[in-house]
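Taking it in order: structure first as structure tokens, then the write-up.
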Amino acid sequence: GSGADVAPKKPKDGKEQPVGRIRYVTRDELEETPKYMKSRLTCERINGAIDEIHAVVSAKYKLLATPFNKLKGDALKQYKDYKEQEAPETKGQFFFCDSDLKNAAPTACLKLDATGKSILAVLRHLGRLKDVRGSLKRYMLVPG
């Protein structure tokens, strides 16, 4: 390719590539996380957020795998928004932005409040996510 398409590549058989799954946080890992970072977070809350991140990222890359000519209306607008989020550092990687979380279901357990930011900090600290700085704050998944 020309390098213009930066979404993870589809395998030759035409099926979409499954989104890499980040591991759940164990109690031992949470215990070793600095107190100021984890506050009163529980493994259940953090692992619920991991499930939500996976759902958001899966939906994002399912839409990005849809042929452009099959998209209309809101789906087309969302596709263009996702394409604008891409950066050279995210090429071939699965990532999400704050706006992806904001647009998720309102019943979300990972909101961008103080608790949500603590969850993201713990996931970065434990190597489940990696920050990609730029005009947008992007979080790359580190599957394991």
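The closest side-chain heavy-atom distance from Y139 to D98 is below 4.5 Å. Two residues are said to be in side-chain contact when any heavy atoms from C-beta on lie closer than 4.5 Å; D131 and K137 meet this criterion. Under the 4.5 Å side-chain criterion, counting only non-hydrogen atoms from C-beta, K62 is not in contact with V19.
With sequence neighbours excluded, the residues forming a ring-ring contact (aromatic ring centres under 6.0 Å, His included) with F68 are Y79, listed by chain and number.
Between I22 and V142, the closest heavy-atom pair is CG2-O, 3.5 Å. The heavy-atom pair separating M37 from A121 by the smallest distance is SD-O, 3.9 Å. Of all non-hydrogen atoms in L129 and L141, the two that sit nearest each other are CD2-CD2, 3.7 Å. Residues K72 and N69 approach most closely at NZ-O, 4.5 Å, considering heavy atoms. In terms of heavy atoms, E31 sits closest to K38 at O-NZ, 3.4 Å. Of all heavy-atom pairs spanning T90 and R138, the tightest one is CG2-CD, 3.7 Å.
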Given D100 and Y82, is the side-chain hydrogen bond (donor to acceptor under 3.5 Å, both in side chains) satisfied, shown in steps? CA-CA 9 Å; D100 299 337; Y82 286 156; 4.6 Å; no
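Here the options are V122, L126, L120, the test is side-chain contact (heavy atoms from CB on, under 4.5 Å), and the partner is R124; only L120 passes.
A distance of 5.0 Å separates CG of L123 from CD1 of I50, quoted to the nearest 0.5 Å.
Comment: E89 does not engage K130 in a salt bridge, judged by the lack of any side-chain N to carboxylate O separation of less than 4.0 angstrom.
Around the CG atom of D113, the shell of radius 6.0 Å holds more than 12 heavy atoms that belong to other residues, nucleotides or ligands.
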